[in-house]
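Proteins get letters first, then strands, A, B, ... in listed order; numbering begins at 1 in each. This one's a predicted model, so the numbers in the text were calculated from it and none came from an experiment.
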Amino acid sequence: MSRERPLDGFFFEDYRAGEIFRHAVPRTITEADASLYIGLTGARHPLHCSRPLACAMGHRGCPIDDLLVFHIGFGATVADISYNAVANLGYADVRFLAPVYAGDTISCESEVIGLKATSTKLSGVVHVRSHAFNQDGVEVLTWVRWVMVASRAILEPASATFPVIADEVATSDFRLPAFINVVALDKRATGSGRRWEDYEAGMVIDHPGGATIGSSEHVMAAHLYQNPARVHFDAIAAKEGPFKRRLVYGGHVISLCRSLSYFGLENAFAIAAIHGGTHVNPMFGNDTVFCRHVVLGRSELPGRNDVGALRLRMLGVKNTPLKSFVAPREGEKNPALVLDLDYSVFIPRRENT
Amino acid sequence: MSRERPLDGFFFEDYRAGEIFRHAVPRTITEADASLYIGLTGARHPLHCSRPLACAMGHRGCPIDDLLVFHIGFGATVADISYNAVANLGYADVRFLAPVYAGDTISCESEVIGLKATSTKLSGVVHVRSHAFNQDGVEVLTWVRWVMVASRAILEPASATFPVIADEVATSDFRLPAFINVVALDKRATGSGRRWEDYEAGMVIDHPGGATIGSSEHVMAAHLYQNPARVHFDAIAAKEGPFKRRLVYGGHVISLCRSLSYFGLENAFAIAAIHGGTHVNPMFGNDTVFCRHVVLGRSELPGRNDVGALRLRMLGVKNTPLKSFVAPREGEKNPALVLDLDYSVFIPRRENT
Amino acid sequence: MSRERPLDGFFFEDYRAGEIFRHAVPRTITEADASLYIGLTGARHPLHCSRPLACAMGHRGCPIDDLLVFHIGFGATVADISYNAVANLGYADVRFLAPVYAGDTISCESEVIGLKATSTKLSGVVHVRSHAFNQDGVEVLTWVRWVMVASRAILEPASATFPVIADEVATSDFRLPAFINVVALDKRATGSGRRWEDYEAGMVIDHPGGATIGSSEHVMAAHLYQNPARVHFDAIAAKEGPFKRRLVYGGHVISLCRSLSYFGLENAFAIAAIHGGTHVNPMFGNDTVFCRHVVLGRSELPGRNDVGALRLRMLGVKNTPLKSFVAPREGEKNPALVLDLDYSVFIPRRENT
């Protein structure tokens with residue numbers, strides 16, 4: 001990608017299938033970023049806030065929260081990919097490949113894998129496959145996302161490029177580091193003895209509590225992630241937009257739900273993969289999000305009898321207590337649903353022998 | 001404590017006198033937490049923000065602010081003790097026992113030392129004695145608090161357990177590290193030459209300035225302290241509660257007052273103990289707090305002629321300039337009074353010889 | 001300065017020309033402060049967030065953002081100089097003299113170089129020359145500012161002291177460290193190939209995006225900078241003031257504009273000097289700031305053919321999209337203009353040979 005990025009960012013007609021963007025800005029993630037992330041989300045998984053526990057589990061320090069790595073990687077792609085996004089439509093094939101530690105520096109690149117004009121001819125959907133690498137060139141994360149990008153002009157009919165995206169990340173593609181030792185992840189550390197065996201397909205968990213997000217919090221979060229998308233920051237421009245106000249960066253909603261779901265999924269110590277997901281409706285400042293999980297299934301991990309994977313559906317629901325929320329069926333709409341994510345986590349098994 | 005914590009937390013009838021909770025989640029406190037604490041409170045005591053000064057005083061780096069340690073310790077107890085708190089009623093016998101440094105990991109436990117149903121039979125008061133330990137098992141902090149906890153059902157008459165709590169922490173129980181050298185704490189460091197001898201019992205100090213607290217600030221503070229009490233975060237649920245809106249975590253009000261009182265108590269470099277205190281009225285987002293101190297007395301410290309202790313009454317007053325505030329007498333009420341704390345600080349003496 | 005600072009700060013009649021203040025509180029700047037600064041501003045210059053890049057450029061780690069050093073230095077002077085400021089009027093001769101790294105401790109002093117009562121006799125303008133030193137006594141920053149300070153009483157006629165202040169910082173006084181190697185600052189790092197040669201005098205750059213600043217953000221920023229000026233924090237007192245609400249610390253507006261201007265000035269990796277500037281109008285919580293730059297000129301640096309300096313006029317404009325903003329001429333007023341800064345940056349040259 002040797003073209004100079006226009007000051008006002010790229011528009012739909014600027015993208016070419018197969019083009020590769022090597023994104024600025026490289027970012028050294030620090031333990032300070034991890035602390036501010038706790039301040040912005042209430043995250044409390046002990047792997048990310050207790051150094052002795054992290055070391056007992058085999059890490060050389062607290063790894064950076066998977067979602068913080070994701071947000072910083074995502075943020076790095078925005079200037080090139082979604083600066084003129086109308087809507088961030090969905091994710092797929094998100095794979096967490098290697099731990100990231102404080103002091104590591106992340107650099108990202110993206111390939112355009114799909115392009116299709118929308119029927120309005122005023123925008124198009126851009127699919128990209130992105131990769132994040134650490135300072136040693138080790139790939140730590142890869143993901144696909146698609147985003148609706150405004151066009152500069154009314155689009156001429158053109159051939160579309162459709163990406164091939166897997167429906168799910170295969171369990172055999174999960175990357176649990178071989179050194180991980182879950183014996184240390186006991187009830188004293190997490191507050192719960194609930195393990196892999198305690199979750200069964202179909203189980204519904206309505207997590208207690210809700211998170212009301214202030215404008216300053218979501219602005220600071222997007223700043224922390226160095227996500228420059230104008231829709232999060234500029235209230236004057238937002239008044240002219242479809243929602244009349246700034247949008248919360250959707251990824252941050254995932255973090256709020258992950259944090260809310262601590263009580264009920266205390267031992268789900270890391271995210272293996274996000275199979276797919278969408279931000280069904282936008283969130284705004286002063287909205288309150290609640291989180292429900294539906295257990296989709298359990299799977300064993302090759303070569304490990306101490307850790308398993310849970311496949312989960314994370315539902316983020318706004319301004320509606322969960323007891324009065326009914327998840328929409330296929331094709332139905334519910335404006336309270338803001339997030340619908342299909343993902344897998346690692347969790348210790350009870351029977352280690 | 002081997003019972004599994006219910007997803008919605010324990011209620012009053014779940015507690016048993018003498019029961020011990022070993023709380024999740026262990027927390028490594030970092031210099032980033034200290035920085036964010038400065039951002040959330042305006043703290044400026046140089047012991048916590050100047051490494052050369054801290055080292056000149058004998059520390060091996062900046063110790064973590066006493067109140068930040070307290071809040072993180074307190075936060076760790078909330079899931080087990082006060083998740084269903086109606087109100088956080090008071091503190092007693094809070095003793096700061098050993099310095100905490102960036103990189104130390106804090107783990108907490110609590111013993112139920114008192115239980116008494118309230119006359120409404122819809123809640124009861126739970127007293128706990130809590131302890132915070134560092135990664136080497138050194139106790140760094142201990143405190144008693146009592147909290148009104150909702151009951152699941154109308155309570156049957158039952159015998160109450162009353163705790164025995166000392167009225168004050170004896171000066172002989174203060175733990176000033178022997179290595180502390182206060183010569184470095186000069187006027188250049190703190191901006192003031194006011195010392196132990198300059199404060200006398202009965203003196204009233206109305207500190208200049210006030211702190212208006214935004215919702216995002218108190219939410220971030222409670223997140224930083226990993227305090228999950230629902231009343232701080234969930235505006236939807238709060239609408240159904242007695243105050244119709246989210247509450248500021250009371251401990252954070254102590255921090256705001258400590259910060260405001262820097263101008264006037266510049267050399268009070270550390271907190272020795274909190275003898276007792278109550279959150280007299282709640283604070284909400286957009287309230288402004290002011291701070292008055294009344295000097296209760298001075299005491300010498302055994303074996304030290306360079307440092308003494310001041311006993312202080314800290315009054316937090318909301319939305320009312322101090323010049324028009326009259327502290328309520330015993331039995332009177334004043335809705336502007338939010339905090340009434342009886343505590344002791346260490347401060348250099350003028351005469352070191 | 002051996003006088004004891006009054007609890008309510010110094011007023012205009014307390015200052016004497018030539019008096020020197022050695023300010024409390026020394027401050028160790030940490031990588032956590034840098035992270036929170038990113039969270040509060042959206043700063044993304046890679047020199048301050050990529051350790052490998054900073055090291056490739058010759059630094060021993062990420063230097064602290066020039067403006068963060070400035071704000072912390074400025075904040076240290078407030079208690080003595082501008083605690084009772086009515087308005088912060090302007091800056092001149094701001095020179096960035098040496099890099100500051102995480103772990104460095106900054107101490108500041110100021111000399112009163114000008115005093116003049118205003119015609120209202122209710123305040124006066126105080127000019128100070130301030131200096132910031134690191135723990136080794138190396139001067140890292142010096143600046144002049146002038147501020148309108150309230151008087152305790154109606155002022156008697158008195159002789160005024162007028163400072164001598166240079167109109168600009170000479171290019172020969174810029175301090176680019178000799179070790180700086182800009183080869184690493186390539187397009188992969190910054191996202192842009194725009195270099196010194198691409199900017200010409202008269203060029204106008206309207207940077208995309210705008211920054212709406214929440215009250216919690218500017219309060220946290222002022223706390224981070226340990227700036228205790230009451231006007232930023234106390235909404236109750238502010239109601240009695242001329243603006244009826246709290247003011248955003250002006251320096252933070254510079255940071256927001258610097259952050260907004262990343263897209264368009266990606267390679268302007270450091271600030272050499274601020275020749276002069278004023279906060280033309282105040283900013284308040286919920287205001288949105290936009291940034292325009294006018295290129296004033298280019299200059300070569302002695303002994304360097306790889307880096308040059310750009311002289312820039314930074315205009316901060318509030319609540320008015322730039323396309324409809326006309327910069328006021330000399331003598332005209334425009335309430336939308338909040339910041340007018342004349343400064344110079346370092347930027348790589350294209351032709352290194």
Side-chain angles (χ1 to χ4, degrees), chain A residues 1-9 21-37 39-40 75-76 79-80 83-84 102-107 109 135 214-230 232-240 246 285, chain C residues 30-54 61-62 102 186-194 198 205-220 259-260 262-264 266 285-290 318-321:
Chain A
M1 176 62 194
S2 55
R3 290 185 290 151
E4 189 64 36
R5 184 184 169 278
L7 261 199
D8 58 352
F21 292 83
R22 301 187 199 283
H23 307 293
V25 176
R27 170 81 172 274
T28 304
I29 305 183
T30 68
E31 84 181 6
D33 299 322
S35 172
L36 185 49
Y37 182 77
L40 290 164
D80 290 329
Y83 196 76
N84 292 304
D104 284 353
T105 300
I106 299 301
S107 297
E109 58 183 57
Q135 66 284 355
S215 293
S216 287
E217 292 149 67
H218 80 77
V219 166
M220 288 183 67
H223 278 330
L224 174 66
Y225 311 145
Q226 293 187 320
N227 178 331
R230 191 166 184 169
H232 307 314
F233 301 107
D234 181 347
I236 299 281
K239 269 185 208 156
E240 309 298 316
R246 292 174 287 170
Chain C
T30 68
E31 84 181 6
D33 300 322
S35 172
L36 185 49
Y37 182 78
I38 288 173
L40 289 165
T41 61
R44 66 185 65 240
H45 283 84
L47 180 56
H48 307 300
C49 60
S50 169
R51 186 190 304 262
L53 178 83
C62 285
D186 59 11
K187 194 179 167 199
R188 176 67 201 267
T190 68
S192 166
R194 281 181 282 267
D198 298 313
I205 308 168
D206 280 356
H207 301 282
T212 306
I213 181 151
S215 293
S216 287
E217 292 149 67
H218 79 77
V219 165
M220 287 183 67
S259 172
L260 287 170
Y262 184 78
F263 295 114
E266 296 87 344
N286 293 319
D287 279 348
T288 301
V289 67
F290 302 95
K318 76 172 180 182
N319 303 334
T320 306

- Take K187(C) and E4(A) through the test side chain to side chain contact (heavy atoms under 4.5 Å, CB included) and record every step on the way to the result. CA-CA 9 Å; K187(C) 194 179 167 199; E4(A) 189 64 36; 4.1 Å; yes
- Item | Heavy-atom contact with chain C under 4.5 Å, split by part of Y83(A) | side chain
- Note on the structure: salt bridge (Lys or Arg N to Asp or Glu O under 4.0 Å) pairs touching residues 206-220 of chain C, sequence neighbours excluded, are D206(C)-R292(C)
- Give, for atom CZ of R27(A) and atom CD1 of I38(C), the distance between the pair rounded to the nearest 0.5 Å. 4.5 Å
- Message: Distance check, rounded to the nearest 0.5 Å: R5(A) atom CZ versus T190(C) atom OG1?
- Response: 11.0 Å
- Message: Among V25(A), D8(A), L36(A), L224(A), which residue has the highest count of heavy-atom pairs closer than 4.5 Å to chain C?
- Response: V25(A)
- Is it the backbone or the side chain of A34(C) that comes under 4.5 Å from a heavy atom of chain A, or both, or neither? neither
- Note on the structure: Taken to the nearest 0.5 Å, the spacing of S192(C) OG from L7(A) CG works out to 8.5 Å
- Task: Give, for atom CZ of F263(C) and atom CZ of R230(A), the distance between the pair rounded to the nearest 0.5 Å.
- Result: 12.0 Å
- Query: With only heavy atoms counted, which part of T41(C) is less than 4.5 Å from chain A, the side chain, the backbone, both or neither?
  - Reply: backbone
- Heavy-atom pairs under 4.5 Å with chain A, option from M220(C), R51(C), E266(C), R194(C) with the top count: R194(C)
- Task: Please flag which part of S35(A) lies under 4.5 Å from any non-hydrogen atom of chain C: side chain, backbone, both or neither.
- Result: neither
- Item | Minimum heavy-atom distance T28(A)-P52(C), with the two atoms named | OG1-CD, 3.6 Å
- Task: Could you have a look at P46(C), G39(C), A32(C) and say which one has the most heavy-atom pairs with chain A under 4.5 angstrom?
- Result: G39(C)
- Could you grab the distance from atom OG of S50(C) to atom CD1 of I29(A), nearest 0.5 Å is fine? 11.5 Å
- Between chain A and each of R188(C), H48(C), H207(C), count heavy-atom pairs under 4.5 Å; write down the option with the most. R188(C)
- Look at the side chain of S216(C) and the backbone N and O of S216(A), then say whether any donor-acceptor pair between them is shorter than 3.5 Å. no
- Cut-off 4.5 Å, heavy atoms of chain C, and the answer for A237(A) is neither
- Message: Quick check on H23(A) against chain C: is it the side chain, the backbone, both or neither that has a heavy atom closer than 4.5 Å?
- Response: backbone
- Message: Shorter than 4.5 Å, heavy atoms on both sides: which option in C62(C), G191(C), G42(C) has the most such pairs with chain A?
- Response: G42(C)
- Query: Between I236(A) and chain C, which part of the residue has a heavy atom less than 4.5 Å away: side chain, backbone, both or neither?
  - Reply: both
- So which of N286(C), L53(C), I205(C), N319(C) has the biggest tally of heavy-atom pairs under 4.5 Å with chain A? N319(C)
- Any residue meeting ring-ring contact (aromatic ring centres under 6.0 Å, His included) with H218(A), in chain and number order, not counting sequence neighbours: none
- Message: Before you tell me yes or no, could you show the steps for L260(C) and F233(A) under side chain to side chain contact (heavy atoms under 4.5 Å, CB included), namely the whole-Å CA-CA distance, both residues' side-chain angles and the distance that decides it to 0.1 Å?
- Response: CA-CA 11 Å; L260(C) 287 170; F233(A) 301 107; over 6 Å; no
- Pick whichever of A222(A), A221(A), P228(A) has the most heavy-atom pairs under 4.5 Å with chain C. P228(A)
